[in-house]
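Worth knowing before you read on, the calculation uses all heavy atoms, side chains too, and leaves out hydrogens, waters and symmetry mates.
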Amino acid sequence: HGGPCHVQATAFLALLRSLGYEAHFAVATVGAPGDHLVVVVWLACAGYVCDVGNGHPYDRPFPLGSPLSFDRFGWRFSTAVDAEKLVLRRHVGHDEWKIVYRVNPAPRTFADFADIVRQHHTRPGFGPFLTGLRAVRITEGAMLTLRDSLYQRHSRHGSTDRTVPDDQAARALLRAPFG
């Protein structure tokens, strides 16, 4: 039912390891250095970054050794390798791309993220968790987001925005369609 990267990635890593895959935590930088946690899994001597806790529509792993471009819900993404780091970018306009994050694929332990997790949950403005209401639900056909009073639905047909007028309307959205 969701949660931030340190919750989602921890469960995903445990699942991968229980199934016999070689996998480890790795650090990514979204805003502040090392503020995001991802999983790297190894298959046939190739590494793949798996991001299951970012609130974006990443439905496939990102290969560490070769670039990848993909579209999901009307958004275009690409990866590249720069100085041993995977760089994920999102197309934001005509010829403009925004760096979503950079991943250092070196193995990390959960303890390496203790300070970042604490800051996310205690330091206002550090990450998205203390800035307001945040909910994301990704289904087969759409990605739904609720950020404060803005409800958005993204699909391959485009995006729609709707203002949520009050707490009662926000609760109704959280019950359905967010579940």
Is there a side-chain contact between Leu144 and Phe178 (heavy atoms, below 4.5 Å)? yes
Taking the side chain as everything from C-beta on, heavy atoms only, tell me whether Val164 gets closer than 4.5 Å to Leu146. yes
side-chain hydrogen bond (donor to acceptor under 3.5 Å, both in side chains) evaluation trace for Arg153 with Thr160: CA-CA 5 Å; Arg153 184 179 191 281; Thr160 58; over 6 Å; no
Connected via hydrophobic side-chain network under 4.5 Å: Tyr48 and Leu37: yes
In one Ile/Leu/Val/Met/Phe/Trp/Tyr side-chain cluster, 4.5 Å: Ile138, Val100: yes
Check whether Val136 and Leu88 end up in the same hydrophobic cluster, where Ile, Leu, Val, Met, Phe, Trp and Tyr are linked by side-chain heavy atoms less than 4.5 Å apart. yes
Is it the case that atom CZ in Phe70 sees more than 12 heavy atoms from other parts of the structure closer than 6.0 Å? yes
Quick one: closest heavy-atom pair of Thr79 and Ser66, and the distance? OG1-O, 4.1 Å
Separation between CD1 (Ile116) and NE2 (His6), nearest 0.5 Å, reads 11.5 Å
Using residues 23-33 as the side-chain source, report each donor-acceptor pair under 3.5 Å to any protein atom, sequence neighbours left out, with the distance given to one decimal.
unit_1	atom_1	unit_2	atom_2	d
His24	NE2	Pro105	O	2.8
Thr29	OG1	Gly34	N	2.9

Is the shortest heavy-atom distance from the side chain of Phe12 to the side chain of Cys5 under 4.5 Å? no
Can you tell me if Asp51 uses its side chain to pair, donor with acceptor, with the backbone of Val38 under 3.5 Å? no
Report the C-alpha distance between Asp35 and Tyr101 in whole Å, list the side-chain angles of each, state the deciding distance to 0.1 Å, and finish with yes or no for side-chain hydrogen bond (donor to acceptor under 3.5 Å, both in side chains). CA-CA 10 Å; Asp35 62 352; Tyr101 57 62; over 6 Å; no
Restricting to non-hydrogen atoms, name the atom on Thr139 and the atom on Arg72 that form the minimum distance, rounded to 0.1 Å. O-NH2, 3.9 Å
Given side chains that start at C-beta, do those of Val40 and Leu64 come closer than 4.5 Å, heavy atoms only? yes
Do Val41 and Phe110 land in one hydrophobic cluster if side-chain heavy atoms of ILVMFWY residues count as linked below 4.5 Å? yes
Measure from the side-chain N and O atoms of Ser155 to the backbone N and O of His157, and report whether any donor-acceptor pair falls under 3.5 Å. yes
Between Arg156 and Asp71, is there a salt bridge with N-O shorter than 4.0 Å? no
Quick one, Leu86 and Arg102 - any side-chain contact, counting heavy atoms below 4.5 Å? no
Check the angle between the aromatic planes of Trp97 and His91 and answer parallel, tilted or perpendicular using the 30° and 60° thresholds. perpendicular
SB check Asp115 Arg118 (cutoff 4.0 Å): yes
Passes side-chain contact (heavy atoms from CB on, under 4.5 Å), Val39 versus Val52? Steps please. CA-CA 8 Å; Val39 173; Val52 297; 5.7 Å; no
Taking C-beta and beyond as the side chain, do Gln152 and Asp161 meet within less than 4.5 Å on heavy atoms? yes
As an exercise, state the distance from CZ of Arg162 to CG of Leu150, rounded to the nearest 0.5 Å. 10.5 Å
Assess the pair Phe62 and Phe77: is the distance between their ring centroids shorter than 6.0 Å? no
Kindly give the heavy-atom pair with the smallest separation between Phe73 and Glu140, and that separation in Å. CE2-O, 3.9 Å
Say whether Trp42 and Val103 are linked into one hydrophobic cluster, either directly or through other cluster members, by side-chain heavy-atom distances under 4.5 angstrom. yes
Which heavy-atom pair separates Leu68 from Pro63 by the least distance, and what is that distance? CD2-CD, 3.9 Å
Verify the ring-centre separation between His154 and His56: is it less than 6.0 angstrom? no
Both conditions, 6.0 Å and 45 degrees, for the charged tip of Arg90 above the ring of Trp75: are they met here? yes
Between CG on residue Leu133 and OG on residue Ser149, distance to nearest 0.5 Å: 9.5 Å
To the nearest 0.5 angstrom, please state how far the NE2 atom of His120 sits from the CZ atom of Phe113. 10.0 Å
